[in-house]
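Presented below is the structure to which this report refers.
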Amino acid sequence: MYALVDCNNFYVSCERVFQPRFVGVPGVVLSNNDGCLISRSDEAKALGLKMGEPFHKVRPFLEQHGVWVRSSNYALYGDMSRRVVEVLSLFTPEVEVYSIDEAFLNLAGLRYAAPDLVQYATEIQRTVAQHVGIPTCVGVAPSKTLAKLANRLARKLPETQPRVWVLDTEAKQQDALRRMPIEDVWGIGRRYALKLRDNGIGTAAELAAMPEPWVRRHMGGVVGVRLWRELHGHSCLSFDPQECDEEGQLVSIGASKRSLTHSRSFGKPLCEHRLLREAVATFVARAAEKLRQQGSAAHVLTVLLGTDKYAPTAGPSTHTTVVTLASASDDTSELTQAALHGLQELARPGVSYHKAGVVLSGLEPATQRQMGLFTKSPELLAQSSKLMAALDTLNARYGRQTVRYAVAADRDPVWQGRSAFRSPRYTTHWPDIWKVN
DNA sequence: TCTGGGGTCCTAGGACCC
DNA sequence: TCTGGGGTCCTAGGACCC
């Protein structure tokens, strides 16, 4: 059995923890650059506000209806997420963090015997609310896909009762499948939803009733079959628990990624080459930091520049160039050199760019890098990793970009994205911590 | 004026090898 | 009626997720 714990409207909930006057009042959180709506309170949803709606379009509407607005504050959300996971790991050692606002619990490894799953799930919800102040929905079922489905049903329950839904019998599973529109099934996106509707399949139950070979042929082969079997209650997706130490504290957050991206839209379009270099160098520094955090080195670096994607011109708005490194590296200066070289090739004079970014791929463990013809000597390698370790320690302690390469930006560069409504970093930034007089 | 960012997995097809 | 067969690796693109 799996439980899916989902922090419904998570970013909105985080803001509400520190602004109780926001509770019960419609509110939204904006994406980076204050671009569009990415989290909405239930009250905001009831007003008809849609996910991903451009902020500038709905701004008058928001003001008119007294909807509060916040820019996104990932320092706050990331820390609150960590606290939620800490509470969950009190219940079972097997917690898989699926995203910033969702986690699967493997109930096969319960810390305490749980005769009643409803009661157990309710207790999880109550404890998270008490310790962190974040509301959750809990779905329990024999497969992840069904747990997700149960979770969506729990969401529809009124706030006045525990938002918990348990599928522990065949009859309850059948009932849940019948209630679930096909487009709300985990793993069915826009394309498949349309295709399935065309074939007269409108609910999860109708998909489950199709013969397996049909699903294999029309839904991407093994991917579709896995989904179909999950709907029948057979667990087919892997469970990847976080590692904990003896005291139950999480040691590492998530498995190593296969690629790493850092990209941002600019606050205003940029065409000056010096500023583009500054932005790209700044993004490389962040990407390299993430790379070292997971102990990887990258073989391939991609620089990307984006022009106005809403301009009515033909052709793609994102342009990329790929740089292959002679040997995998996690050194900011090497990666910066490679990126600036790529940028030189990519950037067209006189063109204004709206965003830029860096992708690191071809990742391998930094400790067992393959020796190549151009690999640095062990001495140089040791020197570089000492330097990077010192850089990361200083920046972790005194704030990002405290120590940086000269080509990267100082604080508050001219191209920085808009963030006009950001709340304080209540839990991670000393000057922002609440004072009680 | 103003429209986010960061991932995963799978398949098909081409290049290349013996 | 006819093309050898079987394997690996890489990449581009599609589909999905939060």
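Just so it is clear: chains get the letters A, B, ... in the order the sequence lines come, proteins before strands, and each one is counted from 1.
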Dot-bracket summary - DNA chain B, pairs being Watson-Crick or G-U whose distances fall under 3.5 Å, with | when paired to another strand
....||||||||||||||

With a 4.0 Å cut-off on N to O distance, would you call A:E230 and A:R226 a salt bridge?
no

Letter by letter from the 5' end, nucleotides 4-9 of chain B scores (B base, S sugar-phosphate only, - none; protein heavy atoms under 4.0 Å) BSSSSS

Are A:Q294 and A:R292 close enough that some pair of their side-chain heavy atoms sits under 4.5 Å apart?
no

By salt bridge (Lys or Arg N to Asp or Glu O under 4.0 Å) - contacts of A:R59 (at least two apart):
A:E63

Between P on B:dC2 and CZ on A:R418, what's the gap in Å once rounded to a whole number?
7 Å

Base-contact (B) and sugar-phosphate-only (S) positions in nucleotides 11-18 of chain C, heavy-atom cut-off under 4.0 Å, - elsewhere
----SSSS

Answer with yes or no whether the side chains of A:D34 and A:S71 bring together a donor and an acceptor at under 3.5 Å.
yes

Should A:R16 and A:E43 count as an ion pair when the cut-off is N to O under 4.0 Å?
yes

Tell me, which pairs form a salt bridge (Lys or Arg N to Asp or Glu O under 4.0 Å) where one or both residues lie in residues 200-220 of chain A, sequence neighbours left out?
A:E212-A:R216

Which value, in whole Å, describes the distance between the C1' atoms of nucleotides B:dG4 and C:dC17?
15 Å

Decide whether a cation-pi geometry holds between A:K144 and A:F239; the criteria are a distance under 6.0 Å from NZ or CZ to the six-membered ring centre and an angle within 45° of the ring axis.
no

Tell me every residue that passes side chain to side chain contact (heavy atoms under 4.5 Å, CB included) with A:H354, counting only those two or more places apart in sequence or in another chain.
A:P269, A:D308

Atom NE2 of A:H354 to atom C1' of B:dC2: distance rounded to whole Å?
11 Å

Test: A:D6 and A:K148 ion pair at under 4.0 Å:
no

A:D42 bridged to A:R163 by N-O distance under 4.0 Å:
yes

